[in-house]
Amino acid sequence: MRFQTLDTIDVAGKTVLVRADLNVPVADGQVTDTTRIDRLVPTLTEIAAKGAKVVVMSHFGRPKNGPDTKNSLRQVVPAVEKALGAPVAFAEDCVGEKAAAAIAALPAGGVLILENTRFHAGEEKNDPDLAKGLAALGDIYVNDAFSSAHRAHASTEGIAHLLPSAAGRLMQAELEALGKALAAPERPVAAVVGGAKISTKLDLLLNMVSKVDILILGGGMANTFLFAKGVRVGSSLCERDMADQARAIMEKAAAGGCEIVLPVDGLMSREFKANAEHRVAAVTDIQDGEMMLDAGPATVELVGRKLEGAKTLVWNGPFGAFELVPFDSATNAVAAIAANLTAQSKLLSVAGGGDTVAALEHAGVAARFSYVSTAGGAFLEWLEGKELPGVAALEKHA
Ligand code: 3PG
Ligand code: MG
């Protein structure tokens, strides 16, 4: 680790500014998925137990015009209190007098949430004055928001240069898991990359073919690869204008010794809806008007064999239209294979990004993966091989 952690920085008696990612899904003022909050709790509990004031900063949503109730962090306070099992104070601003007064009133060991950092335009601009104002509120900065680390904002990047800084336990766990999966993995390394479009994952695919030994493609993007190889994909989701890019990825893979695994069969249907009539067919047998909505059983078997031969798995994106039964079958089956190999200590499995967590939870196996990231965009940028500014800023301070 090239950064400090809660093992190396002394927080006792200090005011600790914790950058969390409380950007959680909310409906009718209620938090509908507490995963990010639950995973943050160990950091808050540890710092509080060491006798520090715990001051939590986060963004919420993407407000562009200052404060509004829809994006207020006040609505997540009850969910944090419930997860912590302790009362949590709230300040109506993340900077200035209101924040300072709330911190002054907070007892040692207490937890306070500051209002949405994005209510200030300086947050997303990484404005040095806002970073200074935030830093003035505390003695130590702890970043526990890996899922916001792809943003170079005042509360994720700027502030880290102004205070002694450390990674929180969640940030540390994310970076350790990702490091084991791609930086220094046990080989062979397999990646499952699914999802609808290759256009949104070009950088990711180009980076993955240079890092992993086996790249298993699923979802709509696999159709683009099949099309690029001359397969007739019928009415399947396919970015025909991306065929050249797909070929370039396959060429780079071949040159670097990365094996690309594409579906060999699928569930073909004429309708995009749950329980649509469908048939199992080889990918070379897609009829006009048919769509491949999921990979088929032969593909699941093939992918299962590849995973049995792998030591490490990185997973991003579903295999098929997993939100529509039965087109969740391949995602569920492959996820179960990966979870079982993980349970037998034969595979280290790390998943994250966008739909992935939802797909693995739907498959009922998320808890049996070695690590499931809380990050969406940050996980993808990390798979692209990009430096994450929030992590880089911590490293400079070690
Ligand atoms: C996320 O949910 O992906 C993070 O909280 C980052 O949010 P953003 O995409 O609005 O920066
Ligand atoms: Mg995002």
Side-chain angles (χ1 to χ4, degrees), residues 17-27 30-41 43-44 56-68 70-77 79-80 83 94 113-127 130-131 134 142-160 167-168 170-171 173-175 177-178 195 200-201 203-204 315-317 350-361 366 371-384 386-394:
L17 304 174
V18 180
R19 179 48 160 102
D21 190 346
L22 296 177
N23 188 32
V24 294
V26 167
Q30 300 281 338
V31 176
T32 54
D33 178 356
T34 60
T35 308
R36 282 182 176 173
I37 294 172
D38 298 337
R39 304 271 290 273
L40 170 70
V41 162
T43 296
L44 302 186
V56 180
M57 307 182 292
S58 178
H59 74 287
F60 184 90
R62 292 176 175 172
K64 295 291 171 210
N65 303 303
D68 64 64
K70 195 177 120 260
N71 289 301
S72 174
L73 274 173
R74 194 186 277 282
Q75 60 197 326
V76 312
V77 169
V80 177
C94 68
I113 295 178
L114 302 177
E115 183 56 289
N116 194 344
T117 51
R118 287 190 186 167
F119 284 168
H120 291 267
E123 164 71 330
E124 293 188 54
K125 295 190 185 117
N126 201 359
D127 173 21
L130 180 61
L134 294 171
V142 169
N143 191 344
D144 215 24
F146 174 75
S147 49
S148 300
H150 56 320
R151 308 296 183 206
H153 294 172
S155 71
T156 61
E157 204 278 342
I159 187 175
L170 174 55
M171 172 73 90
E174 297 266 8
L175 293 173
L178 300 188
T200 55
K201 291 193 182 168
D203 290 346
L204 187 156
W315 185 315
N316 172 258
V350 175
D355 274 353
T356 313
V357 179
L360 295 184
E361 259 157 22
Y371 195 79
V372 177
S373 177
T374 57
F379 189 87
L380 294 178
E381 290 200 20
W382 177 80
L383 290 187
E384 288 166 6
K386 290 196 182 133
E387 180 180 85
L388 303 179
V391 175
L394 289 180

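Counting starts at 1 for both ligands and their atoms, following the listed order. In this text the structure is predicted, and so the values were computed from the model without any measurement.
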Is there a donor-acceptor contact under 3.5 Å linking the side chains of Arg19 and Ser155?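 Yes, side-chain donor-acceptor contact under 3.5 Å.
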Checking Gln75 side chain against Lys70 main chain: does a donor-acceptor pair fall under 3.5 Å?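 Yes.
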Report yes or no: does Asp355 contribute a side-chain atom to a donor-acceptor pair with the main-chain N or O of Gly317 at less than 3.5 Å?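 Side chain of Asp355 to backbone of Gly317: no pair is present.
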Which ligand 1 atoms does [X] reach within 4.0 Å, using its non-hydrogen atoms?
| X | value |
| --- | --- |
| Arg151 | 8 (P), 9 (O), 11 (O) |
| Arg62 | 8 (P), 9 (O), 10 (O) |
| Ser147 | 4 (C), 6 (C) |
| Asn23 | 1 (C), 2 (O), 4 (C), 5 (O), 7 (O) |
| Arg36 | 1 (C), 2 (O), 3 (O), 4 (C), 5 (O) |
| Arg118 | 8 (P), 10 (O), 11 (O) |
| Asp21 | 4 (C), 5 (O) |

Non-hydrogen atoms of Asn316 and Gly352 that approach each other most closely: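 Closest approach of Asn316 to Gly352: ND2-O, 2.9 Å.
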Can you check whether Asp21 reaches Thr374 side chain to side chain, under 4.5 Å on heavy atoms?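 Answer no - side chains too far apart.
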Lys/Arg cation over aromatic Tyr371: Arg39, 6.0 Å, 45° cone: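 Judged by the rule, Arg39 and Tyr371 form a cation-pi pair.
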